[in-house]
K.L.:
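Quick one: this structure, given as structure tokens, is what I'll be asking you about.
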Amino acid sequence: MSNYIIRRIISVLPTLIGVTFVIFMFQRLIPGDPAVAMLGEHATEESIERLREQFGLNRPLFLDREALADGDLAGFFDSQYVRYMKRLFSLDMGESIHRRIPVAETLAIRFPATIELALLSMFIAIIIGIPVGIISAAKRNSAIDSISMVGSLVGVSMPIFWLGLMEIMLFAVLMQWLPAGGRLGTGIEIKPITNLYLVDSLLMGNFQAFKDVFAHIIMPAIALATIPMGIIARMTRSSMLDVLQEDYVRTARAKGLGRGLVLFRHALKNASLPVVTIIGLQMGTLLAGAVLTETIFSWPGIGRWVYDGILGRDYPIVQGGTLVIALVFVGVNFFVDIMYALLDPRIRYD
Amino acid sequence: MKNKSYLLLLLMLVLGMALVACGSNTEPAAEEPAAEEPAAEEPAAEEPAAEEPAAEEAMGEKIPLTLYYMPVTRFYYPSPKEIAEAMAADLAKAGFNVQLELAGDWPTYLGLRREGKLDGLYMLGWGGDNGDPDNFLNYFFGFASDDKVGDDPSAWVKSPEAREGWYANTDVAYLLYQAAVNPNQSERQAMYEQVEQMLHDDVARIWVAHNNTPLVFSSAVDGYVPQPVGADRFEGVTVDGSDTFIFGRGGDSVQLDPSVVTDGESFRVTGQVLEALYQYEPGGTKPVPDLAEECVANEAATEWTCTLRQGVKFHDGTDFNADAVIFNYNRWKNTNDPYHFDSQVFEYYEYMWGGFDDTSIITAVEKIDDYTVKFILSDSLAPFLANLAMDMFAISSPTAVEAAGEDYGLPGHGPVGTGPFKFVEWVEGDHITIEANEDYWDGAPSINQVIFRVIADDSARFLALQAGDIQGLEQAVVEDLTAAEAADDLYVMTRPALNTGYLAFSYRIKEFQDPRVREAVAHAINRQGLVENFYGAYGEVATNFLPPLIWGHNDAIEDWTYDPDLSRQLLAEAGFPDGLSEVTLDPNITPAE
């Protein structure tokens with residue numbers, strides 16, 4: 001097992017290098033130039049050229065053949081990509097072109113915001129999705145089953161922006177229970193420790209702040225949770241139904257074990273493999289797909305940040321943001337693989 | 001088994017990288033592959049001419065008649081795609097069969113426009129920078145620096161400018177040059193009115209609409225002053241039952257050093273913290289004194305002597321005086337100034353004052369005494385005071401600029417000026433807070449704190465206003481504006497238009513070189529209908545490039561009527577009785593590759 005873990009960790013590196021390469025290439029295939037995007041409508045050619053040079057955008061993308069023809073080997077490798085990778089290996093993600101703020105600095109604040117939202121959403125999706133799936137499977141073809149499966153279909157298909165606006169309309173405008181957006185109320189101070197505000201406010205012992213943070217996060221978390229909730233519920237149900245038809249379940253029931261015991265002790269564990277897989281995949285989707293939720297609820301996470309970065313051709317932001325998302329994706333997959341072994345003793349990684 | 005699949009993946013990645021690296025290496029345009037690659041949007045324009053038969057090349061390449069619409073919403077075009085569709089429908093009734101084309105996203109669109117590659121009709125607009133007609137007309141129709149050959153301006157010839165759809169009108173450019181250097185206000189006004197008439201007679205472009213900007217407030221808010229030019233004024237704002245005013249906006253500021261940015265969201269904040277020598281009168285465009293008590297010109301308007309206000313302090317406690325003014329102007333003007341950093345682009349300085357260093361119209365700012373400075377210009381510049389009042393030329397504390405260096409105006413180092421509000425904090429992408437400057441020379445502001453909050457989504461921003469999270473906002477969808485006008489606890493205020501949306505011709509299209517065809521287009525589009533359908537109560541049909549608010553607007557211009565029959569007739573006279581669906585590229589005009 002430990003061998004496997006080490007090998008997996010080593011194999012992550014080339015994957016990430018591949019990711020940097022693909023991101024690097026694709027965003028530069030989109031027409032448009034960061035200098036033009038930044039300077040706007042009446043910039044002179046000289047200003048644009050100066051800014052290009054400042055950010056190294058006048059260098060070739062990967063390798064400079066002209067320099068090679070001139071016998072300049074250092075120049076041959078002195079490309080945008082090589083410069084970027086050099087910096088990356090010294091753990092420098094560069095700085096934003098528009099605001100010159102180090103990407104790592106912004107990530108340190110914005111990434112936890114997205115993680116916090118995604119984790120809470122996933123938590124909501126799991127604690128509702130799995131029980132609903134189990135009950136539906138246990139009471140197959142009953143009214144409860146139909147209602148919950150239609151409900152989960154609605155959850156999967158409902159546009160997030162619509163749901164988000166409805167939530168705001170209902171809970172912020174009409175009932176005035178919750179704030180309409182943002183991450184923290186005016187005048188509330190949180191000392192950043194983990195930058196997960198729910199955690200930080202608890203660590204500070206400031207329950208006033210915790211309440212405020214919770215009031216801000218709950219609506220976006222629910223909006224973001226609907227899709228994975230529906231998927232998890234449906235996956236749990238179908239997986240449970242498969243397992244419930246197995247011989248050993250019938251045997252367990254036949255030897256007189258209670259219905260609940262069989263359902264939870266015997267069936268659920270075996271039915272959970274595909275559910276864990278789907279949860280892992282959904283976690284990645286939550287991180288990457290939070291753009292809409294973050295926009296509607298003015299949530300200062302990385303989704304919106306990277307989105308704005310793409311529009312403004314702010315390459316370092318796009319590269320840094322996507323690299324971190326990719327890293328999490330790889331990490332979650334890794335974690336899911338380990339979970340397999342824990343859940344199913346037949347799976348061994350040696 | 002899993003291990004093997006990972007090894008395989010790794011191998012594929014490495015191979016892929018190697019392949020793509022070699023591939024990209026063979027590209028001829030190694031300098032800038034993204035922009036230089038043949039744009040998929042424009043296969044016709046990019047096709048190598050060598051493959052065409054020689055005869056056809058001389059005739060010019062045939063392309064479909066295209067209307068390019070903007071990928072983004074701007075004041076002057078609230079919903080570009082829908083407006084383009086309506087225009088296309090109108091044009092079809094008059095015999096123009098246009099294809100709609102989205103050329104790419106905004107930077108792409110601007111890039112193609114800059115290179116003169118929007119071959120057809122294209123939508124764009126302009127928002128004024130300083131309320132002077134020169135700032136509208138000269139930028140589009142004046143001489144480019146390359147045109148100014150020799151010392152005699154009357155001999156200069158305007159060459160077709162790629163950025164302006166290859167349009168060139170030397171008479172217009174010369175008149176604009178004369179107006180720009182003439183200090184006599186009434187003579188200038190007559191010249192701009194004449195320019196408007198000439199552009200109209202030439203059907204140079206079709207002016208579509210001006211749009212006033214609606215702002216929505218909670219009824220608890222009072223005293224907000226929208227400015228047609230320059231930042232809106234927050235110092236008179238009061239909020240019933242609160243000492244804080246929270247304003248919702250669609251995007252964050254780029255940077256808070258106004259001299260290096262160009263976006264309105266930055267100026268909205270810096271305009272409260274920093275002040276320039278002049279400002280625009282409340283609610284209007286006329287320049288009135290601010291940090292200067294007055295500026296007086298010599299007869300030729302080449303030297304302006306400004307008396308500065310005494311006893312004014314920057315927020316860091318240092319004195320505002322002649323040295324501070326000179327420090328700021330030198331920093332913007334001189335590329336070798338230690339605080340003119342390479343990573344910063346002083347774009348507006350270059351644009352308003354003609355360039356940096358030796359090319360700058362301001363050749364020097366001299367200190368006469370501690371509270372008097374003299375601006376020496378290389379040429380007379382009629383809009384001098386209007387320029388001086390711009391948000392970008394607001395005076396920062398030299399001490400603060402020296403201390404923060406390159407980071408001045410970034411979230412960690414807010415701007416330090418003399419204005420009614422002091423910078424407090426900037427949480428990027430979330431909010432900016434400013435607080436009242438109790439020692440403000442013109443009296444402390446009515447509100448204690450202003451928070452600018454970013455809420456990107458228009459509907460969510462309006463809901464936040466209804467929920468009471470914010471007390472004012474800019475930019476709302478039409479349905480929400482209607483709701484706001486009907487609501488008891490909200491009201492709508494408009495900022496007068498300083499913008500114009502237009503439809504431009506690419507004069508690279510041979511057919512458009514015939515004025516009858518251009519006039520046919522003008523009569524084909526129902527602009528009144530467009531305004532009613534897409535601008536609601538806040539828009540008006542444009543008859544000039546200059547909005548009615550600006551002097552120089554020519555009221556006497558007889559606008560093109562909406563008349564599809566006349567349109568067809570003009571088109572027939574021009575030799576297209578069956579309408580126009582294919583057009584010819586002029587082979588003599590070639591955009592740079």
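A note on names: the letters A, B, ... follow the listed sequences, proteins ahead of strands, and every chain is numbered from 1.
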K.L.:
For the candidates B/Leu463, B/Val427, B/Ile246, which exhibits the highest count of non-hydrogen atom pairs separated by less than 4.5 Å from chain A?
P.N.:
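With the most close heavy-atom pairs to chain A, the winner is B/Leu463.
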K.L.:
Using a 6.0 Å cut-off, check whether atom CG of B/Asn336 has over 12 heavy atoms from anything other than its own residue.
P.N.:
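Yes, because the 6.0 Å sphere around CG of B/Asn336 holds more than 12 heavy atoms from other groups.
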K.L.:
Relative to chain A, which segment of B/Asp263 carries a heavy atom at a distance below 4.5 Å: side chain, backbone, both, or neither?
P.N.:
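Neither the backbone nor the side chain of B/Asp263 comes within 4.5 Å of chain A.
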K.L.:
Closest approach of B/Gln466 and A/Gln176, non-hydrogen atoms and distance?
P.N.:
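Residues B/Gln466 and A/Gln176, closest heavy atoms: O-NE2, 4.0 Å.
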K.L.:
Run the salt-bridge test on A/Arg313 and B/Asp105 with the 4.0 Å N-O cut-off and return the result as yes or no.
P.N.:
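Between B/Asp105 and A/Arg313 there is a salt bridge, with a charged N closer than 4.0 Å to a carboxylate O.
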K.L.:
Under a 4.5 Å cutoff for heavy-atom pairs, which residue among B/Val261, B/Leu465, B/Val254 has the most contacts with chain A?
P.N.:
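Of the options given, most contacts go to B/Val254.
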K.L.:
Between A/Ser298 and B/Asp430, what is the shortest heavy-atom contact and its length?
P.N.:
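Looking at all heavy atoms of both residues, the closest pair is O-OD1, 4.2 Å.
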K.L.:
Flag the one option from A/Val173, A/Thr295, A/Asp308 with the top tally of heavy-atom pairs under 4.5 Å to chain B.
P.N.:
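Counting heavy-atom pairs under 4.5 Å, the top option is A/Val173.
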K.L.:
If I measure from the heavy atoms of chain B, does A/Ser96 come under 4.5 Å with its side chain, its backbone, both, or neither?
P.N.:
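Neither; nothing under 4.5 Å.
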K.L.:
If I measure from the heavy atoms of chain A, does B/Ile451 come under 4.5 Å with its side chain, its backbone, both, or neither?
P.N.:
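The side chain, not the backbone.
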K.L.:
Name the option with the most non-hydrogen atom pairs under 4.5 Å to chain B; the candidates are A/Leu174, A/Ile97, A/Ile296, A/Leu178.
P.N.:
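With the most close heavy-atom pairs to chain B, the winner is A/Ile296.
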K.L.:
Do the side chains of B/Pro411 and A/Ile101 get nearer than 4.5 Å, heavy atoms only?
P.N.:
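Touching, per the 4.5 Å side-chain cut-off.
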K.L.:
Given that the side chain runs from C-beta out, which part of A/Pro179 has a heavy atom under 4.5 Å from chain B: side chain, backbone, both or neither?
P.N.:
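For A/Pro179, backbone and side chain are both near chain B.
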K.L.:
Are there more than 12 heavy atoms of other residues, nucleotides or ligands under 6.0 Å from atom CZ of B/Phe341?
P.N.:
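Buried by this count: over 12 neighbours within 6.0 Å.
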K.L.:
Begin from the C-alpha positions of B/Asp457 and A/Leu165 and carry the test side chain to side chain contact (heavy atoms under 4.5 Å, CB included) through to its verdict.
P.N.:
CA-CA 10 Å; B/Asp457 184 77; A/Leu165 289 176; 4.1 Å; yes
K.L.:
So for B/Ile455, is it side chain, backbone, both, or neither that comes closer than 4.5 Å to the heavy atoms of chain A?
P.N.:
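Answer is both: backbone and side chain atoms of B/Ile455 are under 4.5 Å from chain A.
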K.L.:
Check whether B/Val454 gets within reach of chain A through its side chain, its backbone, both or neither, counting any heavy atom under 4.5 Å.
P.N.:
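Only the backbone of B/Val454 comes within 4.5 Å of chain A.
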K.L.:
Select one option (side chain, backbone, both, neither) describing which atoms of B/Arg453 are under 4.5 Å from chain A's heavy atoms.
P.N.:
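Just its side chain gets close to chain A.
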K.L.:
Specify the closest pair of heavy atoms between B/Asp469 and A/Ala180, including all atoms of both residues, with the distance to one decimal.
P.N.:
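Minimum heavy-atom separation between B/Asp469 and A/Ala180: OD2-N, 2.7 Å.
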K.L.:
Counting only non-hydrogen atoms closer than 4.5 Å, does B/Phe356 touch chain A with its backbone (N, CA, C, O), its side chain (CB onward), both, or neither?
P.N.:
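Just its side chain gets close to chain A.
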K.L.:
Report which part of B/Ser253 has an atom under 4.5 Å of a heavy atom belonging to chain A: side chain, backbone, both, or neither.
P.N.:
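Contact with chain A involves the backbone of B/Ser253 alone.
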